[in-house]
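Letters go in sequence order (proteins before strands), and every chain restarts at 1.
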Amino acid sequence: MAIYINKKTRVLVQGITGKQGSFHTGQMLDYGTHIVGGVSPGKGGQAVEGVPVFDTVFEAMEKEPAEASILFIPAPFARDAALEALDAGIKLLVLIPEHIPLHDAMDIMAFAKHKGAVVVGPNTFGLVSSGYCKIGIMPNKYFIPGPVGVVSRSGTLCYEIVGHLTVNQTGTTTVVGLGGDRVVGLHFIDVLKQFEADPETRVIVLIGEIGGSAEEEAADFIAGGISKPVVAYLAGKSAPPGKRMGHAGAIIERGKGTFDGKVKSLTTAGVKVAALPGQVVRLIQEAM
Amino acid sequence: MAIYINKKTRVLVQGITGKQGSFHTGQMLDYGTHIVGGVSPGKGGQAVEGVPVFDTVFEAMEKEPAEASILFIPAPFARDAALEALDAGIKLLVLIPEHIPLHDAMDIMAFAKHKGAVVVGPNTFGLVSSGYCKIGIMPNKYFIPGPVGVVSRSGTLCYEIVGHLTVNQTGTTTVVGLGGDRVVGLHFIDVLKQFEADPETRVIVLIGEIGGSAEEEAADFIAGGISKPVVAYLAGKSAPPGKRMGHAGAIIERGKGTFDGKVKSLTTAGVKVAALPGQVVRLIQEAM
Amino acid sequence: MKLYEYLGKKLFREYGIPVPRGKVVASAEEAAEAAAGLGEVVIKSQVLSGKRGKAGGISFASNPDQAREEAGRILQMEINDLVVEKLLVEEKLKIEQELYLALAVDCSTKLPIVLASLDGGMDVEDVPEERMIKWPVDVSIGLQDYAVREICRQLGVSGSLKNEIISFMPKLYQFFRAMDAELAEINPLAVTAQGLVAADAKVTIDDDAIFRHRELPKIKEKTALEMRADELGLAYVELDGNIAIMANGAGITMATLDMVQHFGGKPANFLDFGGGADVDRTAQALELLLATNPKVLLINIFGGITRCDVVAEAFVKVRERKGFNLPVSFRLVGTNETEGRAMLEKTGIKVFSTMDDAVRQAVEAARAL
Amino acid sequence: MKLYEYLGKKLFREYGIPVPRGKVVASAEEAAEAAAGLGEVVIKSQVLSGKRGKAGGISFASNPDQAREEAGRILQMEINDLVVEKLLVEEKLKIEQELYLALAVDCSTKLPIVLASLDGGMDVEDVPEERMIKWPVDVSIGLQDYAVREICRQLGVSGSLKNEIISFMPKLYQFFRAMDAELAEINPLAVTAQGLVAADAKVTIDDDAIFRHRELPKIKEKTALEMRADELGLAYVELDGNIAIMANGAGITMATLDMVQHFGGKPANFLDFGGGADVDRTAQALELLLATNPKVLLINIFGGITRCDVVAEAFVKVRERKGFNLPVSFRLVGTNETEGRAMLEKTGIKVFSTMDDAVRQAVEAARAL
């Protein structure tokens, strides 16, 4: 069992005819993802990597019903495409684009709540049920099945750590990228809840960073409701306050979202926090 | 068992310090309704009929949590008060006022759906669980317990028919007024579904009128999903097309919403349609 | 409140919705002047009725003289009993295609609904169901581009026309919401070389929301008595029978009319004076009814919030003041019934307990005249 | 993008939010002229920094001569390293009470949030948690009157001030939403005899939404290199160490910086050149970094979408073109690793497989200088 998605999950690709969209459609198909259709207004009737392209999500849902959709749409148009997917009945929406305006993100999240849908991202690498289904842009080869659930705010850093695990013959159940923006759909807590309930996940890795209060909220939640061991790594220890470190959400503002505060919260909650990315593997092995 | 409300239902009165609000608070208390508080901005701290008055619904919910609220607020301000109730967590909202703007009603209904709440009205007499709890403005004495579930688009006509029942020693389980406006929260179908599931309701009376398509939709639903006998009376047989007969919703437009069309639909669905209000009693007795 | 076409178009323009160039005129001479600047024109009678074209209320002219002549002719017409007081003189559009587009209120979904069809220009009732695309709009996000794209797909529209519709439709939605419209219909929506143009405008504003739109003129589409009833806040509809009817509540008033017809009588009106009216208001309602010179008066009161004694008092007062002497059929039950009954019986009025009896007697009285 | 106070106030005015009468000036003489029409004035340095008051950047004057003098003084200041180029000369308000009011984005609820307090005029960080009312706004209906009534109740405000806040707050919400603001803060919101007035305006517009607000001037709050990085679409932050760092992905770049510090080194910058960059873009990122004259160069690539051969090619090209000769610590793994590694090793660059090794070597190299 995996969380959120599994090998039967039927997936649409919005913006499938674009450069990113078509490339990652191929990558996802290679991984085994069950992509049933693509959407690209005005390009209905074409095919990309053998996947039929439709003009609208509604048309796609009529002809190839899907549960999930992944969005490769330029940021200014992402709001419209996301609302379309949600209105058409998509229940898991993965928002890859970076630079989606904040107010657009808030609109998307409110509508998703209204529709009872889960949003991953924006500015995420997506999520993967290792070995079965990848809805995202992460490199295929590092994601092999195993007992570790991973949830991360950043992409390459997550690959770095999962890469370490892979080298050490430790696979993952599900790896979820929350996204580097300030307003994102899933928070650590949501994913932790799922991992706790997932019988295949034995250890949880949480990859956080400075900015916001998601790690602090996660710590509170772990203290109260997570029985499985949690190992964390946090980026941004050396970051100066008031500067945005690449991610829109990675900023220490008005004394909030500091590295030390987050480490303290997590440690208090019983989470082992690794000082360096490479130490995560050892902490996991100790925990299991 | 009754539908929607019962003797434990905790009720707020919005606009309790007004003439209508205070009068009907007294009437409802007399009937046995469990009114826990009233709301009237700027009048917090007062009391009406022994019921404490609060400045906002949020304050009332903090101090006297309630499930239902009944609104006696002038139509131009009803939207704000209704949204407040829904936002504060009210799950059953009874909208008494007439002349609430259509677009305001649509806003209220959309927000109620969002919040998972039931709206009765606007332009309704409310609803009553006979003998236990009345959230509305209907005269107390006609509503005595018994086996008949009643759902009506109009008020006095409903009292007329329920009055006939009472004279004939036939009481009611629950009586629901849908409201005479075009956009109302509950439709016949919603209430029929509840009556079907309610073990105490043995016969259902549907009181409709010209305009809209609620009766036709009800007929389709009855044909498919109601096992209990349904008796109907419809008003407006003699009404000319294009004229609004008192209720905003009682109008035949573009050939739709006619009396004959509704009677035909209901009869086809097996509903006995009374030619005169006074015949409803006999049809009920035959059905039981 | 229905708006005249010219007023609907004026408001459309304010919301960025393209309409033909044109002018409202009230005389043949003004029509000729207006036409001078417009080339070929269409001259449209401004009445609150559909099917103006079939009734001869729409005409064309290719020069000012012709415009004068046609305008003069139309200004002398009555269209469906409505006097033509104003004309709209507009440039004649070069129409490539006619679409139908409307926003209305959908009672089933409780949402605004887009109605769109490629069969523009014909009576909307005649458009086959399957060729009319219906799209309810979630008010929490409004009409978004994606929805218009999907409507276009269902219509089978693509290319540049699709893009024009995507930029046009949200404006009509904005208008519909901001103006508290019950209906905003464009039939036909003209496809021209210059883009989409609203060739007609059929707009109804929600009466209950007029208080938010004080800038709108008051438009009379009712009889004098109906207007008076509006002022009094009474629900009144004039009919062509001879039994005047008054009751408390829309449903029971309709049922009373129905029963009169059922027993062979003819209602003169619908008058619902509402629940909980006081003596003055009840008296006003009664006086309004008497002003129609009915042959028989039928009053049907089932008192809930409405108090029987109040109705009786109002009746006695009005009779004393006006001294009317027509057959009265009075049904009175409910709150304070005993007091009310006593007051009426003292003045010789027989009071019935059931609606059936009261109606039967009224019908008999009317027949006996 | 942070807006200068005067610009925030200009926009406030467009949204119907009352602000003091005033004028932006760039010289002492202009300040005197502006003061002439305003009576007692406040002179405020226009810099994108809080705590201007404490730094002496805000002053008062009761006549034009005083205004000239004070303006001249402030125009020579630097406030938190920022040169004062403009001043806002405003009427001095007669303030009865100071409130705090802001709209911000709440990441937890994913909604706009109203922040309101009676403790206006002081640093918001110093306001006790329980005296700051927080109210997330459901975007599907916006900020409704009832919500403001409830906020007022929680603040303990009633009467006429409550009514003023009810009419004021929705305007700030409109502004916040329509202008794509991240933050719209008024501190203090002045209660005066003439009503509520925004005595200050601290507004940040979402950089990602600037494309919807082309009317806004570009405001520079960054160093020249940071500006250049913005143009290239690179995430770059200048720091004060000597090891220049470049990596692909924000998280891993932060982690690289952290590791440098962990092993005793000092990062010169943060540079995330993103995922999937081509040769040109990678070369531009590298050139930007070299322009800072770093002592050591540390490149950390974990190739997913980013191809190792592309990074290697860009590196070789730039080195050929610029001929730089500083210690380079290169970590390269992932997509097309073999090709990339070969290209680098051909030019004598040692390639590391782990981040730890690369960082250690960079730190040692910097220490050896």
Side-chain angles (χ1 to χ4, degrees), chain B residues 20 23-24 75-76 98-107 109-111 113-114 125 137-139 142 152-160 163 180 182-185 187 207 209-210 212-214 217 233 235-240 243-250 254-255 259 275-278, chain C residues 105-112 124-125 138-140 176-178 180-182 206-212 235-241 247-262 266-267 270-272 274-276 300-306 333-335 354-356:
Chain B
Q20 263 213 314
F23 173 74
H24 286 292
E98 194 178 1
H99 298 305
I100 292 181
L102 257 179
H103 286 260
D104 291 2
M106 291 193 285
D107 290 344
M109 301 313 159
F111 196 55
K113 191 178 169 196
H114 190 39
F125 60 83
I137 59 170
M138 54 293 245
Y142 300 107
S152 174
R153 275 171 75 182
S154 50
T156 313
L157 179 58
C158 179
Y159 312 160
E160 171 85 31
R182 275 166 297 172
V183 170
V184 292
H187 287 187
I207 304 170
E209 62 193 33
I210 53 162
S213 59
E217 288 158 16
Y233 174 78
K237 184 176 185 181
S238 62
K243 292 283 181 183
R244 218 152 248 164
M245 304 306 273
H247 282 157
R254 298 185 168 182
F259 180 84
L276 297 173
Chain C
V105 173
D106 184 42
C107 301
S108 299
T109 57
K110 308 161 202 174
L111 293 172
V124 63
E125 290 87 347
D138 188 327
V139 293
S140 73
F176 178 75
R177 291 283 287 166
D180 278 298
E182 285 177 26
D206 177 11
D207 288 332
D208 291 334
I210 295 287
F211 71 92
R212 289 198 279 240
Y236 175 79
V237 177
E238 224 169 287
L239 298 169
D240 56 5
N248 61 329
I252 201 164
T253 309
M254 272 189 271
T256 310
L257 268 65
D258 294 349
M259 200 184 272
V260 165
Q261 200 183 52
H262 182 85
K266 288 190 120 188
F270 170 101
L271 174 59
D272 164 21
N300 181 14
I301 305 302
F302 190 101
I305 333 171
T306 304
V333 295
T335 314
T354 75
M355 194 169 148
D356 289 50

>> Looking at every heavy atom in both B:Ser238 and C:Leu257, which two are closest together, and how far apart are they?
In response: OG-CB, 3.4 Å

> Contact part of C:Phe176 toward chain B, heavy-atom cut-off under 4.5 Å: side chain, backbone, both or neither?
Replying inline: both

> Among all residues two or more places apart in sequence or in another chain, which pass the ring-ring contact (aromatic ring centres under 6.0 Å, His included) test with B:Tyr142?
Replying inline: C:Phe302

> Checking B:Arg244 against chain C: side chain, backbone, both or neither under 4.5 Å from a heavy atom?
Replying inline: both

> Counting heavy-atom pairs under 4.5 Å to chain B, which of C:Gly304, C:Ala247, C:Ala255 comes out on top?
Replying inline: C:Ala255

> Heavy-atom distance under 4.5 Å to chain B: side chain of C:Leu271, backbone, both or neither?
Replying inline: neither

>> Between B:Tyr233 and chain C, with a heavy-atom cut-off of 4.5 Å, which part of the residue counts as in contact: side chain, backbone, both or neither?
In response: side chain

>> Looking at C:Lys110 and B:Gly185, would you say the former's side chain and the latter's main chain have a donor-acceptor pair under 3.5 Å?
In response: yes

>> Between B:His114 and chain C, with a heavy-atom cut-off of 4.5 Å, which part of the residue counts as in contact: side chain, backbone, both or neither?
In response: neither

> Could you give the distance from CE (B:Met109) to OG1 (C:Thr109), rounded to the nearest 0.5 Å?
Replying inline: 12.0 Å

>> If we define contacts as heavy-atom pairs under 4.5 Å, which of C:Val139, C:Val105, C:Asp180, C:Thr335 has the most with chain B?
In response: C:Asp180

> Where is the tightest heavy-atom contact between C:Ala235 and B:Gly246, given as atom of each residue plus distance?
Replying inline: CB-CA, 3.6 Å

> Does B:Pro101 offer a backbone N or O that forms a donor-acceptor pair with the side chain of C:Asp206 under 3.5 Å?
Replying inline: no

>> If I take atom CG from residue C:Asn300 and atom CG from residue B:Leu157, how far apart are they, to the nearest 0.5 angstrom?
In response: 10.0 Å

>> Using heavy-atom distances under 4.5 Å, tell me whether C:Asp356 contacts chain B through its side chain, its backbone, both, or neither.
In response: side chain

> Could you state the interatomic distance from CE (C:Met254) to CD (B:Glu209), rounded to the nearest 0.5 Å?
Replying inline: 3.5 Å

>> Given heavy-atom pairs under 4.5 angstrom as the criterion, report whether the side chain, backbone, both or neither of B:His187 touches chain C.
In response: side chain

>> If I measure from the heavy atoms of chain B, does C:Asn248 come under 4.5 Å with its side chain, its backbone, both, or neither?
In response: both

>> Counting only non-hydrogen atoms closer than 4.5 Å, does B:Ile207 touch chain C with its backbone (N, CA, C, O), its side chain (CB onward), both, or neither?
In response: neither

>> Working note: C:Asp138 + B:Lys113, criterion salt bridge (Lys or Arg N to Asp or Glu O under 4.0 Å); need CA distance, chi angles, decisive distance, verdict.
In response: CA-CA 11 Å; C:Asp138 188 327; B:Lys113 191 178 169 196; over 6 Å; no

> So C:Thr253 and B:Met245, side chain to side chain contact (heavy atoms under 4.5 Å, CB included) or not? Walk me through it.
Replying inline: CA-CA 9 Å; C:Thr253 309; B:Met245 304 306 273; over 6 Å; no

> Can you tell which of C:Val260, C:Val237, C:Asp258 has the highest number of heavy-atom pairs within less than 4.5 Å of chain B?
Replying inline: C:Asp258

> Among C:Pro267, C:Gly334, C:Pro112, who wins on heavy-atom pairs under 4.5 Å with chain B?
Replying inline: C:Pro112

>> Distance check, rounded to the nearest 0.5 Å: B:Phe125 atom CZ versus C:Ile305 atom CD1?
In response: 11.0 Å

>> The test is salt bridge (Lys or Arg N to Asp or Glu O under 4.0 Å); show your working for B:Arg182 and C:Asp208 and say whether it passes.
In response: CA-CA 12 Å; B:Arg182 275 166 297 172; C:Asp208 291 334; 6.0 Å; no

> Of the backbone (N, CA, C, O) and the side chain (C-beta and beyond), which part of C:Val124 lies under 4.5 Å from a heavy atom of chain B, both, or neither?
Replying inline: side chain

> Which bit of C:Ser140 comes within less than 4.5 Å of chain B, counting heavy atoms only: side chain, backbone, both or neither?
Replying inline: neither

> Quick one: does C:Met259's side chain get under 4.5 Å of B:Leu276's, heavy atoms only?
Replying inline: yes

